[in-house]
Amino acid sequence: MEDELLIYVDGKFCPRSEAKVSVYDHGLLYGDGIFEGIRAYGGVVFKLKEHIDRLYGSAHTIMLDIPLTKKEMIQAVLKTLKKNKLKDAYIRLVVTRGIGDLGLDPRKCSKPTIIIITHPMIALHGTEAKEKGATTLIAWVKRDPVDATSHEIKSLNYLNSILAKLEANVAGVDEAICLDKVGFVCEGVAENIFIVKEDEISTPPVSTGALPGITRNRVMMLAEMMKYRVAERNITPNELFNADEVFFTGTAAEIVPVREVNKRVIGDGKPGPITKRLMREFNRIVRDPKEGTKIA
Ligand code: PXG
C-alpha cells in the first residue's frame with residue numbers, strides 16, 4: 001500500500017519510488033525552502049486554510065513566489081489525498097527555491113519545486129508517552145532568535161531542532177525542550193510547550209523564537225472557552241520544573257503530557273487533570289468540518 005502512494009511533484013503525480021528532486025535543488029543544497037506538516041482526521045483536513053496562510057507567510061518572508069494561488073494549493077492538497085484514498089493522513093507540503101547551480105544566489109533558481117506527500121497517519125510520540133507522559137530534557141542548543149533563522153519561518157533549516165533531538169536521543173529521553181538566547185523556555189523540537197500552575201495555563205511568546213503553532217492557537221482558545229486563565233508570557237526553567245502540569249502541542253504530537261524535565265518530576269508524575277481535559281476536547285474537535293476543510 002505504501003509503495004503505491006502517489007506523490008505530487010510540480011503538478012504531476014508520481015509513485016513514491018519515482019518521486020525525486022534534483023541534486024541541484026536549493027532546498028537540498030541550502031535548506032532554501034519552506035514546509036508545513038498538516039493532518040487529516042476522518043476526511044477533514046484540520047485547519048488547512050491556516051496552514052496554507054502560514055506557508056505563504058513563510059514564503060513572503062524568504063521572498064519566494066509560489067507559482068500557485070492559495071486556492072490552487074488547497075485544491076492540490078485535496079487532490080493528492082483523494083488520489084491516495086486517504087481520510088486519516090499526515091500531509092507534508094514542501095516548497096523549495098527550485099533548481100539552481102552551486103552558488104547560493106536565489107536568482108539562479110527560476111522555478112520553485114512543489115512537493116505534496118500524503119501518508120497514512122504516523123504517531124510522533126508513542127502511545128506510552130501520550131498515556132503516561134513524556135520524559136524530556138532542556139537541550140544545550142538555544143533556539144535561533146527572531147533576528148536569525150527563526151522557527152517563526154517554517155523553513156527547511158531544522159538543524160536547530162535536530163541538535164536538540166539528538167541530545168534527547170543520546171540521553172534516552174523522549175523529547176527535548178529548547179530555551180531562548182536569554183534562558184527563557186521556548187518550545188520543543190516540533191512542538192509548542194505549555195505549563196499549568198494553579199489554574200493558569202501559560203505558553204511562551206513567539207518573541208522567544210517559538211513557532212506560532214496552529215495547535216497552540218486552538219488549544220489556547222479551548223482553554224479560554226473552558227474558563228481557564230491563559231497567558232502568553234516568559235517562563236523560566238525553574239517555573240517549568242515546578243509546574244503542576246506541562247504539555248506539548250503540535251500537528252504531529254497533538255497534545256502530549258510531559259512527566260519529567262531533566263529528571264525533575266512534574267506534579268505527581270502523571271498526566272494532570274487539565275492536560276487530560278484538553279486532550280479529550282481536542283480529540284473531539286479535530287474531526288469537526290467547521291475546524292478544517294473536507295476532502296470530498
Ligand atoms: N514548533 C516547531 C518548531 C514546529 O516545527 C510546532 C512548534 C507546532 O506547530 P503546529 O502548527 O503544528 O501546531 C512545530 C510543528 C514533522 C512535523 O514531521 C513538524 C511540525 C509539524 C508537523 C510535522 O517534523 N512542526
Side-chain angles (χ1 to χ4, degrees), residues 27 31 33-41 45-58 61 77 88-95 115-126 134 136 138-139 141-146 148-169 174-180 184-194 203-223 232 235 246-256 258 278-279 282-283 285-286 291-292:
I34 51 177
F35 79 102
E36 281 294 322
I38 313 169
R39 246 176 115 149
Y41 295 88
V45 186
F46 183 64
K47 302 287 176 205
L48 179 58
K49 288 198 180 73
E50 287 79 354
H51 281 282
I52 297 296
D53 282 343
R54 190 168 68 186
L55 181 83
Y56 280 71
S58 299
T61 302
V77 170
D88 293 275
Y90 176 74
I91 303 152
R92 173 64 59 92
L93 185 43
V94 182
V95 185
I115 301 162
I116 306 171
I117 306 171
T118 58
H119 203 273
M121 201 44 227
I122 41 157
L124 181 70
H125 294 270
T136 67
I138 295 175
V141 66
K142 298 292 180 275
R143 182 50 95 223
D144 287 326
V146 290
T149 46
S150 164
H151 271 45
E152 273 181 285
I153 307 164
K154 218 166 151 49
S155 80
L156 298 180
N157 292 260
Y158 256 56
L159 206 48
N160 187 253
S161 278
I162 288 166
L163 286 172
K165 185 71 189 178
L166 281 170
E167 195 182 348
N169 291 350
D174 298 316
E175 196 56 294
I177 296 168
C178 295
L179 305 181
D180 71 8
F184 290 119
V185 176
C186 177
E187 61 178 351
V189 302
E191 309 93 357
N192 291 109
I193 194 165
F194 286 76
T203 191
V206 172
S207 56
T208 59
L211 182 79
I214 288 165
T215 319
R216 169 186 184 268
N217 249 0
R218 191 63 189 91
V219 166
M220 284 167 82
M221 278 167 59
L222 266 182
E232 244 182 305
I235 295 166
V246 175
F247 61 87
F248 287 127
T249 65
T251 296
E254 300 176 301
I255 300 177
V256 175
V258 172
L278 285 167
M279 288 169 85
F282 187 75
N283 270 335
I285 65 162
V286 287
E291 300 281 342

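Atoms within a ligand are numbered from 1 in the order they appear, just like the ligands themselves. Because the structure is a prediction, the values reported are computed rather than measured.
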Backbone or side-chain N or O of H51 under 3.5 Å from ligand 1 N or O: no

Might you work through the salt bridge (Lys or Arg N to Asp or Glu O under 4.0 Å) test for K154 and E36, ending with a clear yes or no? CA-CA 7 Å; K154 218 166 151 49; E36 281 294 322; 5.7 Å; no

Are any of the N or O atoms of R216 closer than 3.5 Å to those of ligand 1? no

Do any nitrogen or oxygen atoms of R92 lie less than 3.5 angstrom from nitrogen or oxygen atoms of ligand 1? yes

H151 N/O to ligand 1 N/O under 3.5 Å: no

Compute the minimum heavy-atom distance from K47 to ligand 1 and say whether it is under 4.0 Å. no

Atoms in ligand 1 flagged as close to E187, the criterion being non-hydrogen separation under 4.0 Å: 1 (N), 2 (C), 3 (C), 7 (C)

Looking at T208, D180, N160, which hits side chain to side chain donor-acceptor pair (under 3.5 Å) with R143? N160

For N192, the atoms of ligand 1 under 4.0 Å from one of its heavy atoms are 7 (C), 8 (C), 9 (O)

For atom 15 (C) of ligand 1, which candidate among K154, E191, R143, K165 provides the closest heavy atom? K154

Which value, rounded to the nearest 0.5 Å, describes the distance between N283 atom CG and L278 atom CG? 11.0 Å

At a 4.0 Å threshold, what atoms of ligand 1 neighbour a non-hydrogen atom of G37? 22 (C)

Once salt bridge (Lys or Arg N to Asp or Glu O under 4.0 Å) is applied, do any residues pair with E232, and if so which ones, sequence neighbours excluded? R216

Without hydrogens or angle criteria, can the side chains of T149 and D144 be said to hold a donor-acceptor pair below 3.5 Å? yes

Quick one: CG on N157 to OG on S150, what's the gap to the nearest 0.5 Å? 11.0 Å

Which bit of V189 is near ligand 1, meaning a heavy atom under 4.0 Å away: side chain, backbone, both or neither? backbone

Closest non-hydrogen atoms of E191 and V189, given as atom of the first, atom of the second and distance, are OE1-N, 3.2 Å

Atom indices of ligand 1, in the order listed, that fall short of 4.0 Å to a heavy atom of G213: 9 (O), 10 (P), 11 (O), 13 (O)

For L211 and ligand 1, does the shortest N/O to N/O distance drop below 3.5 Å? no

Which atom of I34 lies closest to which atom of S58, heavy atoms considered: CG2-CB, 3.6 Å

Which side-chain N or O atoms in residues 247-256 pair as donor and acceptor under 3.5 Å with protein atoms at least two apart or in another chain?
residue	atom	partner	partner atom	Å
T251	OG1	G37	O	3.4
E254	OE1	K130	NZ	2.6
E254	OE2	Y41	OH	2.7

Geometric N/O contact T215 with ligand 1, under 3.5 angstrom: yes

Which distance, rounded to the nearest 0.5 Å, do you find between the NZ of K47 and the NZ of K49? 10.0 Å

Would you check whether R39 reaches within less than 4.0 Å of ligand 1, judged by its heavy atoms? no

Residue R54 vicinity, atoms of ligand 1 by number, heavy atom under 4.0 Å: 11 (O)

Does Y158 reach ligand 1 with a nitrogen or oxygen that is under 3.5 Å from one of the ligand's nitrogen or oxygen atoms? yes

